[in-house]
Amino acid sequence: MSLNNNIPKYVETFFKSCEIDEKINRYSFFLIRYDGVVLYHNNNLADSLSKSSIGALLGGVWQAARALASFIPKEESKEGYRLSFDTSAQGVYIVPITVGTEELYLGLIYHDEINPGFIKNKIREMATSFSEFLEEELKDSILKKQTAKSMKSNDKNNFLFGDITDSEMDHLFAFAKS
């Protein structure tokens, strides 16, 4: 990942330290990168399901939905997008998590649920908590990256030989006059 290769370590730390609501933990949820790589899942999968396949599908469905959403006339929204494909008792729910330039997705696959609004809200809260945790952990990395980026753009304005004299240039290219 371009921001920080330690994000998987932070993911593990976050999920070990947070108390996951039992109503969410009884379903399968995943934290994936934008490319579908699974960074975390809660092991509530049937043996027939592959976590990497689910990660790729969750990432793909999000990317497809984003492409479709690009056709929506632009209006400023205070609330970010999330994706829900569900009935009243079962479905798939995906929430994006953006930290710096990195985008991750928290996806939930649920079934036999009496109150899907409650678990969707819990997933949004978990995504917010993780985003805040990751921003705090990566604060130094983000600042260093921004500083390096601004220094790099300033370097483009500096010339390699900014203080060379005309006589030094003449001497440097004297071989070309012969």
Side-chain angles (χ1 to χ4, degrees), residues 1-72 77 79-145:
M1 298 185 64
S2 62
L3 182 62
N4 194 315
N5 291 330
N6 290 326
I7 287 179
K9 178 183 77 170
Y10 296 134
V11 169
E12 185 177 327
T13 302
F14 173 78
F15 282 105
K16 282 183 179 177
S17 68
C18 77
E19 193 171 314
I20 300 169
D21 190 291
E22 64 185 46
K23 291 187 183 252
I24 293 174
N25 208 28
R26 67 185 178 139
Y27 301 121
S28 299
F29 67 88
F30 300 81
L31 182 69
I32 62 170
R33 289 191 328 207
Y34 66 94
D35 58 1
V37 173
V38 176
L39 299 175
Y40 180 84
H41 70 95
N42 65 339
N43 291 321
N44 288 335
L45 292 174
D47 291 335
S48 63
L49 298 176
S50 163
K51 73 175 185 171
S52 59
S53 295
I54 290 175
L57 289 169
L58 288 173
V61 76
W62 182 266
Q63 299 300 327
R66 173 178 272 164
L68 285 171
S70 70
F71 295 110
I72 299 171
S77 174
E79 202 171 320
Y81 282 105
R82 52 207 182 272
L83 183 83
S84 184
F85 183 78
D86 57 8
T87 66
S88 60
Q90 60 192 12
V92 176
Y93 189 62
I94 306 171
V95 179
I97 301 169
T98 305
V99 177
T101 59
E102 300 300 325
E103 190 165 64
L104 307 171
Y105 310 112
L106 184 59
L108 172 71
I109 300 172
Y110 63 95
H111 55 87
D112 301 323
E113 177 56 43
I114 296 170
N115 189 354
F118 176 79
I119 62 169
K120 288 177 183 180
N121 187 49
K122 287 294 185 183
I123 285 292
R124 286 191 304 272
E125 288 174 1
M126 184 187 294
T128 300
S129 295
F130 178 70
S131 178
E132 291 168 357
F133 170 81
L134 199 55
E135 283 178 2
E136 185 63 31
E137 293 295 321
L138 297 175
K139 188 177 5 180
D140 291 337
S141 297
I142 291 170
L143 287 174
K144 286 177 187 174
K145 186 176 180 180

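Using the six-membered ring where Trp is involved, F130 and F14 have ring planes that are perpendicular, over 60° apart on the 30 and 60° scheme.
Listed by chain and residue number, nothing satisfies the side-chain contact (heavy atoms from CB on, under 4.5 Å) test with F85 (two or more places apart in sequence, or in another chain). Residues that satisfy the side-chain contact (heavy atoms from CB on, under 4.5 Å) test with E132, not counting sequence neighbours, are T128. For D86, the side-chain hydrogen bond (donor to acceptor under 3.5 Å, both in side chains) test picks out S84, Y110, K120, with sequence neighbours left out.
For the salt bridge (Lys or Arg N to Asp or Glu O under 4.0 Å) condition, the pairs that include at least one residue of residues 56-71, sequence neighbours left out, are R66-E103. For residues 52-71, the set of pairs meeting the ring pair (Phe, Tyr, Trp, His ring centres under 6.0 Å) definition, not counting sequence neighbours, comprises W62-Y105.
To the nearest 0.5 Å, atoms CD1 (I119) and CG (N25) are separated by 12.0 Å. Between the CE atom in M126 and the CG atom in L106 there is a gap of 6.0 Å [rounded to 0.5 Å]. Rounding to the nearest 0.5 Å places CD of E102 at 7.0 Å from OH of Y34. Note: L57 CG to F30 CZ = 10.0 Å, rounded to the nearest 0.5 Å. The structure places CD1 of I123 at 6.0 Å from CZ of F29, a figure rounded to the nearest 0.5 Å. Note that the CG atom of L39 and the OH atom of Y10 stand 14.0 Å from one another [nearest 0.5 Å].
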Validation: residues 91-100 side-chain donor-acceptor distances under 3.5 Å, sequence neighbours left out:
unit_1, atom_1, unit_2, atom_2, d
Y93, OH, R82, NE, 3.3
Y93, OH, R124, NH1, 2.8

Test log, rule side-chain contact (heavy atoms from CB on, under 4.5 Å), inputs F15 and N42: CA-CA 9 Å; F15 282 105; N42 65 339; over 6 Å; no
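No donor-acceptor pair under 3.5 Å is formed between the side chain of S131 and the backbone N or O of A127.
Annotation: side chain of H111 is in contact with side chain of Y27 (closest heavy-atom distance under 4.5 Å). When side chains are defined from C-beta on, V38 does not count as touching L58, because their heavy atoms never get closer than 4.5 Å.
With respect to the salt-bridge test (charged N to carboxylate O, under 4.0 angstrom), the residues E137 and K9 do not qualify.
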